[in-house]
Amino acid sequence: MAENEKEAKSIDQGSLELIEKATKDGVNTAFDRADAMKPCPIGSVGSCCKNCGMGPCRVPLAKGKEETPEEKLKRRGICGATAETIAARNFIRMVAGGAAAHSDHGRGVAELFVAVAKGEAPGYEIKDEQKLLQLALDWGVEIGDRTNNEIATDIGRIALEEFGKQEGEVITTRKAPLKRQELWRQQGVMPRGIDREIVEIMHRTHIGVDQDYRNLLKQGVRASIADGWGGSMIATELQDILFGTPAPIMGTANLGVLREDEVNLIIHGHEPLLSEMIVSVAQEPEMVELAKSKGAKGINLSGMCCTANEILMRHGVGIAGNFLQQELAIVTGAVEAMVVDVQCIMQSIVTVAECYHTKIITTAAKAKIPGAMHIEFNEHDALTSARAIVKAAIENFPNRKGNIHIPDNRTDQIAGFSHETINYLLGGMFRASYRPLNDNIINGRIRGVAGVVGCNNARTKHNEGHVAMVKELIKNDVLVITTGCNAIACAEAGLMVPEAAKEFAGEGLAEVCETVGIPPVLHMGSCVDNSRILIAATAMVKDGGLGDDISDLPVAGAAPEWMSEKAISIGQYFVASGVYTVFGVTWPTTGSKEVTDFLFKEMEEMYGGMWDFEPDPIEGAKKMIAHIDKKRKALGIDKARERVLYDMEMRRELDKV
Ligand code: BF8
């Protein structure tokens, strides 16, 4: 592979060094596999149906604009399903996959929550009493003189019931602006129960059931709301109560957080149930002593992907990288163990680990990998599981094979911008509110707010889209809030420190950041924490002056390097919530013009938000800014941006008029 071609794999120097090392070490990574295998041209546009044994049916793309009925007839599956039906089925199955992943995460948290409340999960406790009581008020749970555990037992029970509920409305949708809730009822997309909406997608997309693409897409909207305003929101709320609501905290990011002289244990995946325990166990004096007895100076924990975001937000634990850096971390040769739970874990890490000394430890009964060590995480005896994992890592330290290279790149960052923290930072302890944000949007210092989130995708240069888009937005005075792998990319690019405002942000945004003492890019957490973005948007609506629904706000969303089904579900609930949302890299319904038009155009009439696709991140940012300006105009605040400083000459001219 040519040198410059290799350089094109990432914008991050340390990652490039490790891609180079992987090649020298004979290790095959996602970057190599993406080169070796091109995406299927039919599947990638949503035109391959494999939902029954007569197929897969690969429906050819339409030839030209003017398709005759005869030609259209030929573009069908064996059962007669049209390109529209197939594209819509595939799209909402992606929503179902994403919503299921987030919601099953939420269910796991709710189960632990109940166990903690009943005293059946030693090692855990309720850390945020204020949030517990707030949730009790929101959900109508009696407080009186009951203990926290009694209140939490009721909250946990209600949360669990939301997953299997058959009728009514998912309780957390009450958090949405009233106008939005009413719109969902009118459109028939208010979710009844979280699992029900996901199951219904699987039913409707079975051969011979729902064959109207609009009706299929409607169910996709319903399931996505059950994710963002349901399963994901429940996960975030209960995690905050159990582990503490994040507040600003310093941390470091990138592969340079690994240390040559310490036991490196990377926690990778998504659910903080296990990682919280590992963070606690790794600090136990016996563990540190054990590490020293093996020749290490200590134990160095770091995170990967969304688990990294969780433990950074609450403990300041360093982030080793995002999705495309998971194999590269092992290639350093300095990782004793990578412990994984669920989601976004490449099966190939086991093969990569075979070339070094790294142990891959799976912990979830629902996520095993052949060749990995399995230490099942038992929430009722979490400390024992966590100790076994940390010990396995320590005992592996003497097995290092040499050939170590840890890139010397790490950046500082400030994370922990939960909705509650933003509220406090802007308004203070007694007047906590979003007023200063709304005021600065109205007076034009801040042009708008963008939620930029989502994955890495091996089909595009690692982190390039994320960083280019975010820089373009902040340069144009758009405040960026972020989660997931975008947050990690921004941290690695040095955008998450207050000083970044001066260097990268426009004058107005920089002024506000300097006054409040915040970075121009605010880290709101992991992918389930996109629910925090929904709550922040709702708080902006409630504070007044910017319309009476999320669709009125000068805001936009994006996932410039998306690849997962979770990203599609997130995008769909952003759109259903009234947000213009642009995705990069590829778009999965281009095989059907009708389906794409529905998502990109018709949805705006129905929900005030719509999808868009733009592979160029700068162009994507420009489209978001254009949308923000459109909303500013509709609100009558577009003139505020054009602040002109009058000199005496101009004033005299004005006086003459
Ligand atoms: O949930 S952003 S690659 S790590 S799917 Fe995965 Fe995408 Fe990263 Fe977290 Ni989210």
Side-chain angles (χ1 to χ4, degrees), residues 10 12 15 30 34 94-106 108-109 224 227-228 231-233 235-236 239 253 266-272 275 302-313 319-329 338-349 364 367 415 451-460 462-463 465-467 469-470 481-492 523-533 557-574 581 583-586 588:
S10 174
D12 174 58
S15 298
M94 293 181 89
V95 172
H102 283 146
S103 299
D104 213 30
H105 172 159
V109 180
S224 76
D227 172 358
S232 283
M233 198 167 278
T236 300
Q239 282 173 187
I266 295 182
I267 320 177
H268 174 20
H270 283 78
E271 298 180 350
S275 51
S302 56
M304 181 68 66
C305 289
C306 280
T307 288
N309 292 323
E310 298 279 5
I311 51 180
L312 164 76
M313 296 274 281
I319 286 184
N322 53 8
F323 178 71
L324 278 178
Q325 291 176 298
Q326 57 186 288
E327 293 170 310
L328 303 181
M338 184 179 272
V339 54
V340 303
D341 54 16
V342 291
Q343 300 167 25
C344 305
I345 298 145
M346 291 188 192
Q347 182 166 356
S348 58
I349 55 174
V452 189
V453 306
C455 325
N456 291 140
N457 185 319
R459 300 289 177 198
T460 189
H462 169 239
N463 283 359
H466 285 310
V467 174
M469 175 177 275
V470 169
I481 47 184
T482 173
T483 62
C485 287
N486 176 275
I488 299 172
C490 289
E492 291 179 352
H523 193 321
M524 293 195 96
S526 65
C527 270
V528 286
D529 293 333
N530 281 313
S531 58
R532 295 191 202 279
I533 297 182
E561 297 181 31
W562 81 277
M563 62 85 198
S564 76
E565 292 171 324
K566 288 186 289 174
I568 290 291
S569 182
I570 292 164
Q572 186 61 88
Y573 70 67
F574 267 51
T581 303
F583 270 36
V585 191
T586 183

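On a predicted model such as this, the values are computed, not experimentally measured, just so you know. Whatever order the structure lists them in is the order used to number ligands and atoms, beginning at 1.
When atom types are taken as modelled, the side chain of Asp341 and the backbone of Ala364 share no donor-acceptor pair closer than 3.5 angstrom. Side chain of Thr236 to backbone of Val528: a donor-acceptor contact under 3.5 angstrom is found. Side-chain atoms of Gln325 come within 3.5 Å of backbone N or O of Asn322 as a donor-acceptor pair. Distance alone, capped at 3.5 Å, is enough to place a donor-acceptor pair between the Thr307 side chain and the His270 backbone. Glu561 places a side-chain N or O within 3.5 Å of a backbone atom of His466 that can act as its donor or acceptor partner. Under a 3.5 Å cut-off, the side chain of Ser103 and the backbone N or O of Gly106 do not form any donor-acceptor pair.
Around atom 10 (Ni) of ligand 1, protein N, O or S atoms at less than 2.8 Å comprise Cys527 SG.
Short contacts between ligand 1 and Met563, defined as distances under 4.0 Å to a heavy atom of the residue, involve ligand atoms 3 (S).
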